[in-house]
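Here's the structure we're looking at; comments come further down.
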Amino acid sequence: MKKIFFSILAIAALITFNSCNDDETPFDADADVLVLTRYSETGPPEFAAAYFVYANKSMQDVMVITPGGQ
């Protein structure tokens, strides 16, 4: 009888503590822009912007709009 009681108690505890969590973490992303420089032996240095986005959730697609609208 005690084994059945403890089994039911354990199952009830598992159901209680594994309930659905309605408090989903909101998406939060931070962006960073770096200027990369490439030096060649024959010409002047070349510059390019590199955009990095870090977030707390995975992203499938990211779009960058520069201050100049490009």
Side-chain angles (χ1 to χ4, degrees):
M1 186 72 179
K2 287 186 179 184
K3 286 185 178 182
I4 295 173
F5 175 73
F6 286 121
S7 297
I8 293 173
L9 184 64
I11 291 171
L14 284 173
I15 291 172
T16 302
F17 293 119
N18 288 326
S19 64
C20 296
N21 186 4
D22 292 337
D23 298 331
E24 185 176 331
T25 305
F27 181 76
D28 184 32
D30 291 319
D32 196 9
V33 179
L34 301 174
V35 177
L36 301 177
T37 307
R38 181 172 63 178
Y39 295 99
S40 65
E41 294 178 12
T42 58
E46 298 175 350
F47 302 97
Y51 302 97
F52 293 94
V53 178
Y54 307 95
N56 61 342
K57 295 183 180 183
S58 63
M59 298 172 283
Q60 291 183 355
D61 192 17
V62 177
M63 184 173 62
V64 176
I65 300 174
T66 63
Q70 299 178 352

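None of these values were measured; they are calculated from a predicted model.
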Residue of the set V64, D32, V62 for which side chain to side chain contact (heavy atoms under 4.5 Å, CB included) holds with Y51: V64
I want to check something: taking the side chain as every heavy atom from C-beta on, are F27 and N56 in contact at a cut-off of under 4.5 Å? yes
I4 atom CD1, neighbour heavy-atom count above 12 within 6.0 Å: no
Look at atom CZ of F47 and say whether more than 12 heavy atoms of other residues, nucleotides or ligands are closer to it than 6.0 Å. yes
Got a second to check how far E46's CD is from L36's CG, nearest 0.5 Å? 12.0 Å
Test question: given the 4.5 Å side-chain rule for I, L, V, M, F, W and Y, name all other residues clustered with I65, or answer none. M63
